[in-house]
Amino acid sequence: MGQNRPLYKFDSMKDFHYSTIEKAIRYIRTHFKDQPSLEDIAQHVHVSPSHFQKLFTDWAGVSPKSFLSHVSVNYAKYLLRERQLSLFETAHETGLSGTGRLHDLFVTIEGMTPGEFKNNGQHLNIYYDAYPSLFGNVLIASTDKGICFVHFYENKQKAIENLRNEFPEATFKNEKKPSHDDVIKVIEGLPTKNKINLHVKGSPFRLKVWNALLSVPEGQLTTYKHIAVQAQSPDASRAVGSAIGANPVAYLIPCHRVIRNDGGLGGYMWGPDRKCVMIAHEKSKYYENPVTGILP
DNA sequence: CTAACTCGCCGTT
DNA sequence: AACGGCGAGTTAG
């Protein structure tokens, strides 16, 4: 399984890696029934098989062949079945044990005060910068109370615009902060030095939903319905969907760990492919080969 | 037995 | 009043 292995030698390689990997994953998802060979996949992403093999293994920690078994429609269904057996216990027991690599438990939400909320961020200093990450480029921003914005992006200017849009009256400084590095660490599944604070704005209902998400451990899945129950609105699955979609801090509030009750992947703000990659990658750290024997 | 469809849910804009 | 990152029940194959 090998966790904690260095994933890259150079940061600048990350983005190239990710786009190649994403392309490969997309190919695998749409062709999984054909069980494409290493050659097939490598050819599709225009890389030599041997190079692709290395690239992929460096990125994921498992070979493409092993990885293939993670990504399929049946995979999600399988997880769902497994989840039904033990979700309550595992989520709660593991969630509170504090052992292992449950970074999300170290994340706490501090809602914005009504004032900050209403003023659109007036008198708020916001420090932001763009970073490459395991799952593509991210724009990270923080106030002095905590992280307030994490968006994956294709177009940097657009992303910055979204950020300004979120807090129209705030003062922005293009400046790196130490807390930003912790965010990257979490995204890469590595331990962080410090506890991470979130400083986000949202209605009481949204905060409830986001808090519920924080109790979903890394590598596990839950459903919109289940979150609705936890938020004490058991019939509000759909509203939960919108609330999750409005999550301003990607990955830290793990909206990628929520799938449909029927086993479907569900939507994702930053593309279903990316969601699928995240799920598969997290899962691959826990099981070497979880679905052997149940593929079609 | 699945896959598509319908219709109800409920917090936001 | 309309619109979703949804779900349960129903129907068509």
Side-chain angles (χ1 to χ4, degrees), chain A residues 22 25-26 29-30 32-33 71-81 83-84 87-88 91 104 109 111-112 114 116-121 135-136 138 149-154 158-159 161-162 164-169 187 198 200-216 218 220-283 294-296:
Chain A
E22 188 194 39
I25 296 293
R26 185 165 39 235
R29 281 190 70 210
T30 51
F32 74 97
K33 284 180 182 167
V71 186
S72 69
V73 174
N74 281 0
Y75 176 65
K77 291 183 179 173
Y78 169 81
L79 286 180
L80 187 66
R81 280 183 218 123
R83 180 192 61 77
Q84 281 180 340
L87 181 64
F88 274 113
D104 302 320
I109 292 186
M112 301 231 165
E116 293 166 330
F117 196 132
K118 179 116 196 205
N119 294 326
N120 291 319
F135 301 111
V138 277
F149 190 91
V150 178
H151 275 210
F152 294 97
Y153 68 86
E154 313 299 331
K158 265 287 201 189
E161 203 143 307
N162 288 339
R164 289 183 175 275
N165 223 342
E166 188 88 7
F167 309 95
E169 305 296 334
I187 292 177
L198 302 183
V200 293
K201 64 175 186 184
S203 67
F205 178 76
R206 288 184 174 180
L207 289 178
K208 238 193 273 184
V209 167
W210 297 342
N211 262 312
L213 282 189
L214 290 182
S215 68
V216 182
E218 184 182 24
Q220 296 220 9
L221 296 180
T222 185
T223 65
Y224 297 96
K225 170 73 171 173
H226 185 71
I227 297 292
V229 172
Q230 275 189 282
Q232 290 144 24
S233 311
D235 291 317
S237 306
R238 193 145 190 191
V240 164
S242 342
I244 294 179
N247 162 32
V249 280
Y251 208 97
L252 296 182
I253 292 174
C255 43
H256 59 283
R257 289 175 203 149
V258 190
I259 64 175
R260 278 172 160 263
N261 207 19
D262 60 17
L265 186 60
Y268 191 59
M269 180 67 56
W270 295 284
D273 289 322
R274 202 187 309 257
K275 181 175 185 176
C276 195
V277 171
M278 285 174 173
I279 292 173
H281 181 257
E282 283 191 3
K283 211 65 189 176
I294 69 153
L295 289 175

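Being a predicted model, the structure only gives us computed values, none of them experimental. Chain identifiers are assigned alphabetically (A, B, ...) following the order of the sequence lines, protein sequences preceding nucleic acid strands; residue numbering begins at 1 within each chain.
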Could you check if a side-chain atom of [X] sits within less than 4.5 angstrom of a side-chain atom of [Y], using non-hydrogen atoms only?
X: A/Asp273; Y: A/Glu22; value: yes
X: A/Trp270; Y: A/Met278; value: no
X: A/Phe149; Y: A/Asn162; value: yes
X: A/Val200; Y: A/Leu207; value: yes

May I have the distance from [X] (atom [atom1]) to [N] (atom [atom2]), rounded to whole angstrom?
X: A/Ile227; N: C/dC6; atom1: CD1; atom2: P; answer: 14 Å
X: A/Met278; N: C/dG5; atom1: CE; atom2: C1'; answer: 14 Å
X: A/Asn247; N: B/dG11; atom1: CG; atom2: C1'; answer: 16 Å
X: A/Phe152; N: C/dG5; atom1: CZ; atom2: C1'; answer: 16 Å
X: A/Asp235; N: B/dG11; atom1: CG; atom2: C1'; answer: 13 Å
X: A/Trp210; N: C/dG5; atom1: CH2; atom2: C1'; answer: 14 Å
X: A/Asp262; N: C/dT10; atom1: CG; atom2: P; answer: 17 Å
X: A/Gln230; N: C/dC6; atom1: CD; atom2: P; answer: 18 Å

Measure from the side chain of [X], starting at C-beta and using heavy atoms only, and say which of [options] lies closest.
X: A/Asn261; options: C/dG7, B/dC10, B/dT12; value: C/dG7
X: A/Ile244; options: C/dG4, B/dC10, C/dG5; value: C/dG5
X: A/Arg206; options: B/dT12, C/dC6, B/dC10; value: B/dT12
X: A/Ser242; options: C/dG5, C/dG4, C/dG7; value: C/dG4
X: A/Ala236; options: C/dA8, B/dC10, B/dT13; value: B/dC10
X: A/Ser203; options: C/dG7, C/dG5, B/dG11; value: B/dG11

- Check every strand shown and say whether A/Phe205 touches a base, only sugar-phosphate, or nothing at a heavy-atom separation below 4.0 Å.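 If one applies the 4.0 Å heavy-atom cut-off, A/Phe205 turns out to touch the sugar-phosphate alone, with no base involved.
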
- Could you tell me whether the side chain of A/Arg238 has a donor or acceptor atom within less than 3.5 Å of a complementary atom in the base of C/dG7?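 In this structure, the two groups form no donor-acceptor pair.
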
- Taking N and O atoms by type only, does the side chain of A/Tyr224 place a donor or acceptor under 3.5 Å from a partner on the base of C/dG5?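 Flag set: donor-acceptor pair detected.
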
- Item | Base-pair map of DNA chain C as dot-bracket, where | denotes pairing with a different strand and pairs are Watson-Crick or G-U under 3.5 Å | ||||.||||||||

- Item | Nearest non-hydrogen partners of A/Arg206 and A/Ala243, listed with the distance |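 Minimum heavy-atom separation between A/Arg206 and A/Ala243: CG-CB, 4.0 Å.
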
- Pick from A/His151, A/His256, A/His281: which one makes a ring-ring contact (aromatic ring centres under 6.0 Å, His included) with A/Phe135?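 Result for ring-ring contact (aromatic ring centres under 6.0 Å, His included) with A/Phe135: A/His281.
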
- Go through A/Asn247 and A/Leu213 one step at a time and tell me if the side chain to side chain contact (heavy atoms under 4.5 Å, CB included) criterion holds. CA-CA 10 Å; A/Asn247 162 32; A/Leu213 282 189; 5.6 Å; no

